[in-house]
Each structure stands twice: as structure tokens, then as C-alpha cells.
Amino acid sequence: MSILPASERPNPYSAYGAHGSVLVLNSGSSSLKYQLVNPVGGEAIAAGTVERIGEPSGIVTHTFAGNRTRRELEVADHGAALRLALGMFDEIGPALHGAGIYAVGHRVVHGGAEFSGPVVVDDDVIDRIESLVPLAPLHNPANVQGIRVARELLGDVPHVAVFDTAFFQALPAEAYTYAIDREVAREHDVRRYGFHGTSHQYVAGKVARVLGRRVEDLNTIVLHLGNGASASAVRGGVPIDTSMGLTPLEGLVMGTRSGDIDPAVVFHLARNAGMDIDELDTLLNKRSGVLGLSGVNDFRELHRLVEEGDEDAALALDVYVHRLRKYVGAYTALLGRVDVIAFTAGVGENDAVVRAAVCADLEALGIAVDDDRNAARGEERIISPDWTKTLVMVIPTMEELAIARQSVEAVDRLHPSAAVATG
Ligand code: AMP
């Protein structure tokens, strides 16, 4: 099977032709990332970040037309951050009123069991996102704050919330149910939600488009390996399992998160190390994973340490790969037939060593990586040899583009006439 040349691939997004651009906002607890996206061509017209919100020395970077501008100044809160970002568009470009903004798309981490797709934001939607704060105390408050200030400052355009959990609302009950007391689970909404859904959905769909196949006909394992990392098993475009759970802590070994551990580790440390809940939360989310094992969380650093003979770094890499291989095996059993394994995000797209290690010695399962193809750089590509039953692919994720396209779809669903009028 080969990749269709770009000119022969259908462009399912040509219908967006009249929709100008979408401003995508990702509001974290101390940062705001933004990107002005062309939902048709897919390119970022401009992008930037405001970091260290609430600290005396904030950092603003804005990139437009190949030029990167960087400023250091105090950024009091999310309102100030967005005002600064909008100021960068005014000063450096492109002028937003000339960019024809069709929608503002907001990345929201937790949609609970409430949201299974993008929604156009109104006051009720904000209240519902806020009611999910107990499930995502670190993320949803910042997301809500970002939406509130953006609606104040950009009141003329529709705002759309796109949830990290939405894609995984389609998981079957046996995959999302934890085997704990059902009354406790029900009362406190304890279940698997899954995260990085926008990326998993985009990558599974992109695999099909690149191969010129229908997503309904493909079984895909998506490995989203960034600083956060998650795996999913997608059958015919519908997820049947994913590695992250109630929160993004479960599953794979990550940059700073432990992923799967025996939950009794928490009881043990509470009883014997005197750690309280917040310390345990910090331990498992921020001081664990590759960082906890090796002292670094960037894989370029990790490989450098391994080459220098650092044994902790070597063990960290082994633990990371071992966990990934367990998930590939588990999802192979769940899917029965695996057509594609797709690597994406910072590590998945760039780290040939990790990709080769994950797929090593799996010829009996019809999985292998070709060394030359794996070492080559590029965009979406096949890195398995021609004979394998399962294609191994690298698919760059484009979460902002996916959010932009979902935002356009949500607005058009709500106001079908707008699509015609602007068309
Ligand atoms: P993301 O969260 O998708 O932005 O991924 C960030 C992570 O990707 C970083 O922490 C690095 O570990 C990893 N990464 C980025 N570039 C490279 C590279 N060239 N080689 C290996 N790992 C990389």
C-alpha cells in the first residue's frame, strides 16, 4: 500500500473555502497559546504564546510571516494575556479584522460525560464546563477563564468549545468502566474519559485520507507521544479503548507523569512517607515518568545521557518502551486486526529510536519498521517495509487545525444559513 500523491487525495475540507480563518486558543493555568488557522489549507497564518501569566516577568512570542517577535513584560491575568496577543496582531500582523475570523475555537480539557462533540459557547455551556471543575481542577478553571475573556474581547464572532475528551465519549462501557463499587463510581463520575481526543481523532482520520481509504475500513492504533502521552485503539473511526482515564495520569509513561501504577502505591506513601494528597498529586503528575527516572524529560536530552552511559537514563528509556509495547499488544488483541500503527506528537514524530524499539521483534505479528524509512524526515509517511501486514506510519498531529475545523462545523450546524451566506 502506498501514500496517494497530494494532488489525488480528495480534500474533504474544500467546503470550508468561504470561512476565512479561525483563532484557536489554548488557555493553561499560566499560559495562553494561540494560533490563527486557515481551516481549508491547514496552515497557521500566525501563532504565539503568552507564558508566565500572573508572574512579574511574562514572556510573549508572536510569529507571523516567518518573523518571530519576543517581549518580556508583566502579564497580570488571562485578560491581560489575550489583550497582549490581540495587540500583537494589531502591531505585527495580520490585522484580525482583515483576516475574516469565522470563529474562535477554544481547547477545553475536560468535557466529562456532558460533551461528545464541539459546542458553540453560550452562558449555559460555560456553566456546564465550570461544573466539571472537580474532574479537572488544574485545567478547566483556566479554560473557562480563557473563554470568558475571549468572549468579552471578541464579542462579534461565535466561540466554540472543543473538548479533549469528546472523541472518547464513544468508548464502549467495558472500556470506560472501572471495576470499583458502582454506587461510588456513579455518585462521583469516576470512569475513564480519555484525553488528547482531538489528536487521536485527527490522526485516525488523516491515516485514512493519506492512504486513500475509508476510515470505516481501518483498524488503527494511535500512539500520541508528546510530553503527555496516550494510546488509543480505533476501529473504523470509533475508539474502543484509550490509555488515559479519569485524568491524564493513567496509561503510558510520560515526560513527568507515572502513567499506570498500582493505586496502592498512593496508600503506601500516605501511610509510610507521610505524604498528603497534594504532594502525591505533584509526585505522580510532575515528578515522575521519564523525569522522575532520569532527571530529564526531553527525549533529546535523554538520548544524550544514554549515549554517555547514564544507567538511569537507559532504564527510563527501557521502562518507557516496555509500557508502550504492552499497550500495542493489548490493543492488537482488542482490535483483532491492526491495519495501521500511527506515531504522532513530539516524540512520536521525531524520535526514530523510540519508534524502532516499540516495533522491534514483532515480525510474528506482522509489524516491523524499515531502518531507512524510519530515519528519513518528512511529513506523513509509512516507515514499515513493504511486506508487513500492519503499516507503521508517522502522522504529524495538528490539534489546532482540528480544533479550527471542528469549530467551523459547529458554527455551521447551528447557523446553516451562515455557511450559505458567506459562500
Ligand atoms: P509535544 O508535547 O507533542 O510538544 O512533545 C514535546 C516533547 O517531544 C519534548 O518534551 C521532547 O521530549 C520531544 N521531542 C521534541 N523534538 C524531539 C526530537 N527532535 N527528538 C526526540 N524528541 C523530541
Side-chain angles (χ1 to χ4, degrees), residues 24 26-35 37 44 47-49 51 61 63 107 109 138-139 164 194-204 206 222-232 242-244 247-249 251-259 285-308 310 312-321 323-324 342-359 369 371 373-381 383 393-403:
V24 177
N26 183 353
S27 307
S29 54
S30 65
S31 71
L32 169 73
K33 296 191 187 121
Y34 60 90
Q35 209 174 93
V37 181
T49 55
E51 288 167 281
T61 53
T63 304
R107 179 181 186 189
V109 168
L138 298 179
H139 296 107
D164 244 24
F195 297 85
H196 293 149
T198 308
S199 176
H200 286 269
Q201 182 176 21
Y202 172 83
V203 170
K206 183 76 178 178
V222 179
L223 301 175
H224 176 111
L225 311 180
N227 198 30
S230 58
S232 69
T242 191
S243 59
M244 285 179 166
T247 77
L249 180 55
L252 301 175
V253 177
M254 309 182 211
T256 66
R257 297 188 197 122
S258 62
N285 274 297
K286 303 217 165 111
R287 294 172 47 206
S288 295
V290 173
L291 176 74
L293 291 173
S294 73
V296 299
N297 66 335
D298 189 306
F299 273 65
R300 289 162 287 198
E301 284 281 292
L302 185 71
H303 290 304
R304 194 179 52 72
L305 290 176
V306 172
E307 275 160 30
E308 288 170 9
D310 187 312
D312 290 339
L315 177 62
L317 189 57
D318 288 347
V319 173
Y320 182 87
V321 169
R323 183 82 49 85
L324 266 165
F343 285 89
T344 194
V347 178
E349 291 167 30
N350 295 299
D351 198 320
V353 174
V354 165
R355 291 193 301 255
V358 169
C359 299
V369 157
D371 288 344
R373 290 179 182 177
N374 189 30
R377 305 219 140 243
E379 306 249 298
E380 63 260 13
R381 58 200 187 276
I383 59 169
M393 299 179 74
V394 178
I395 302 283
T397 193
M398 301 186 80
E399 287 174 286
E400 283 81 7
L401 173 60
I403 291 171

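Computed from a predicted structure; not experimentally measured. By convention here, the first residue in the shown sequence is residue 1. All ligand and atom numbering here is 1-based and tracks the order in the structure.
Taking every non-hydrogen atom of N227 and a distance limit under 4.0 Å, the qualifying atoms of ligand 1 come out as 1 (P), 2 (O), 5 (O), 6 (C). Counting the atoms of ligand 1 from 1 in the order shown, those under 4.0 Å from a heavy atom of A345 are 3 (O). Residue-ligand proximity, G226 to ligand 1, at heavy-atom distances under 4.0 Å covers atoms 1 (P), 2 (O), 3 (O), 5 (O). The distance from ligand 1 to the heavy atoms of V347 drops below 4.0 Å at these ligand atoms: 8 (O), 12 (O), 13 (C).
In this structure a side-chain-to-backbone donor-acceptor pair under 3.5 Å is missing from R107 to V24. E349 places a side-chain N or O within donor-acceptor distance of the main-chain N or O of T397, the cut-off being under 3.5 Å. No donor-acceptor pair closer than 3.5 Å links the side chain of S294 to the backbone N or O of D312.
An N or O contact shorter than 3.5 Å links G346 to ligand 1 by distance. Considering backbone and side-chain atoms alike, R377 places every N or O at 3.5 Å or more from each N or O of ligand 1. In terms of polar-atom proximity, F299 is counted as a contact of ligand 1, with an N or O under 3.5 Å from an N or O of the ligand.
Residues H303 and D351 have side chains in contact (heavy-atom distance under 4.5 Å, counting atoms from C-beta outward).
Considering every non-hydrogen atom in both F195 and H200, the closest pair reads O-CD2, 3.9 Å. The two residues S199 and T344 come nearest to each other via the heavy atoms OG-CG2, 4.1 Å.
At a heavy-atom distance under 4.0 Å, only backbone atoms of N297 (N, CA, C or O) approach ligand 1.
For atom 18 (C) of ligand 1, the closest non-hydrogen atom on the protein side is N350 CB, 3.3 Å. Residue, atom and distance of the protein heavy atom nearest to atom 9 (C) of ligand 1 are D298 OD2, 4.1 Å.
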Assess whether side-chain hydrogen bond (donor to acceptor under 3.5 Å, both in side chains) is satisfied between H139 and D164, documenting all intermediate values. CA-CA 11 Å; H139 296 107; D164 244 24; over 6 Å; no

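Atom 4 (O) of ligand 1 lies below 4.0 Å from none of the non-hydrogen atoms of the protein.
Salt bridge E307/R304: absent, no basic N to carboxylate O contact under 4.0 Å.
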